[in-house]
Amino acid sequence: MTRHLRSLLDLSPADTMRVVDLAVEIKADPSSCATALSGKSIAMIFAKQSTRTRISFEVGISQLGAQSLALSTSGGSGMQMGRGETIHDTAKVLSRYVHAIVIRTFGQDHVDGLAEHGSIPIINALTDMYHPCQALADLQTIREHHGTTKGKRLVWVGAGNNVAHSLMLAGPRAGMDVVCCCPRSLPPNAFVLDQARADAAAAGTKIELSHDPHAAVVGADVIYSDTWVSMGEEDEAARLLQLLADFEVDEALMTRAGKQAIFMHCLPAHRGEEVTDEVMDGPQSVVFDQAENRLHAQKALLMLLLGARPWS
Ligand code: CP
Ligand code: NVA
């Protein structure tokens, strides 16, 4: 059966930790997988901008001995998808050429459609709904800094967005409690919240909602922040900046959380909005470890999805 990463719902708790374990192994010894995917070709479709995702996938694919094709959906060299070729036809055509598709796009339906109509693994590299590759790298980073993800408490400070959704699904899979601290008018998606709560009940962890950053961060092991204006929300920027004005992570908030708390951000950051320079560059910040771990976690994911290593 072809496996995908459309969202973390595609991974069981054991699968999730398998990706993290393999990512840790790969980071310790990158040469162990230098030919793991030799002879494979992987398409990467980007309908939104990217620095970390595109570069870490491109470098990672090369480090596994495979070929990557970075494709856009616009401009003179863009794919016909940008001119209306259907997801159905795109999935069927690419399945004849490449061994997997990594896609960053707007609607989750594009990711789901590629998986439905193609015959190769589809990896969600960010949609308006989810960012699962980020969450996998984040679990690796939390383990590195706290020794484990189990029993830890992650407090999200910001809008209930794509990155928040993936962390809410990651928490129960990694034995971690997640607090989504967001403005009342920018809550997480109701389906994701219900799903995360059900997963947490099964795992014996917690998913909480809060609207007060100063109360929520007390005792946190991780404080996590993201841009206030996600890609595709530019027209709403003024409203979002106003709604999120009290959700900046600054030194006062980090002090309230305590010395054990690490600061995380998926990047790119808007310094002076969701986070201050002092926190970004401060001793509790692990944001560049997160960026690095995208490389290792995605290599692990590709190896598992493409059968170069067993899931169990
Ligand atoms: N965090 C992340 O996905 O970064 P990019 O948008 O630069 O890929
Ligand atoms: N929430 C952000 C994440 C960027 C990596 C966005 O979707 O733009």
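In listed order, ligands and their atoms are each counted from 1. For reference, positions follow the sequence shown, starting with 1.
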Does Arg173 reach the main-chain N or O of Leu8 with its side chain, forming a donor-acceptor pair under 3.5 Å?
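Indeed, once roles are kept as given, a pair shorter than 3.5 Å links the two residues.
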Residue contacts for ligand 1, heavy atom to ligand atom, distance under 4.0 Å
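Within 4.0 Å of ligand 1, protein side: Ser50, Thr51, Arg52, Thr53, Arg104, His131, Gln134, Cys266, Leu267, Arg294.
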May I ask which of Val163, Asn161, Leu267 has a heavy atom nearer to atom 5 (C) of ligand 2 than the others do?
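Nearest option to atom 5 (C) of ligand 2, by heavy atoms: Leu267.
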Atom 7 (O) of ligand 2 [closest protein heavy-atom partner, distance rounded to 0.1 Å]
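Ranked first by proximity to atom 7 (O) of ligand 2 is Asn162 ND2, 2.8 Å.
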Taking atom 8 (O) of ligand 2 as the reference point, the nearest protein heavy atom with its distance:
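It is Met231 N, 2.8 Å.
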Can you tell me how far CE of Met176 sits from CD1 of Ile142, rounded to the nearest 0.5 angstrom?
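Output value for this atom pair is 4.0 Å.
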I need the Asp221 CG to Thr149 OG1 distance, nearest 0.5 Å.
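Asp221 CG to Thr149 OG1: 11.0 Å, rounded to 0.5 Å.
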Between [X] and ligand 2, does any nitrogen or oxygen pair lie at a separation below 3.5 Å?
| X | answer |
| --- | --- |
| Thr227 | no |
| Cys266 | no |
| Ser230 | yes |
| His131 | no |

Taking every non-hydrogen atom, the tightest pair across Ile122 and His4:
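Minimum heavy-atom separation between Ile122 and His4: N-ND1, 3.0 Å.
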Please tell me whether Tyr224 and Leu267 are part of a single hydrophobic cluster in this structure, the criterion being side-chain heavy atoms less than 4.5 Å apart.
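Unlinked, Tyr224 and Leu267 end up in two clusters.
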Are any of the side-chain nitrogens in [X] or [Y] under 4.0 Å away from the carboxylate oxygens of its partner?
| X | Y | answer |
| --- | --- | --- |
| Arg153 | Asp177 | no |
| Asp289 | Lys27 | no |
| Asp21 | Arg143 | yes |

List ligand 2 atoms under 4.0 Å from Leu126, heavy atoms only on the residue side.
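Numbered from 1, ligand 2 contributes 3 (C), 4 (C), 5 (C), 7 (O).
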Which ligand 2 atoms are under 4.0 Å away from a heavy-atom of Asp226?
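That gives atoms 1 (N), 2 (C), 3 (C) of ligand 2.
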Under the side chain to side chain donor-acceptor pair (under 3.5 Å) test, residues paired with Thr255 that sit two or more places apart
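Scan of Thr255 (side chain to side chain donor-acceptor pair (under 3.5 Å), adjacent residues dropped) gives none.
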Going by the angle between their ring planes, with limits at 30° and 60°, are His117 and His88 parallel, tilted or perpendicular?
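Because their plane-to-plane angle lies in the 30° to 60° range, the rings of His117 and His88 count as tilted.
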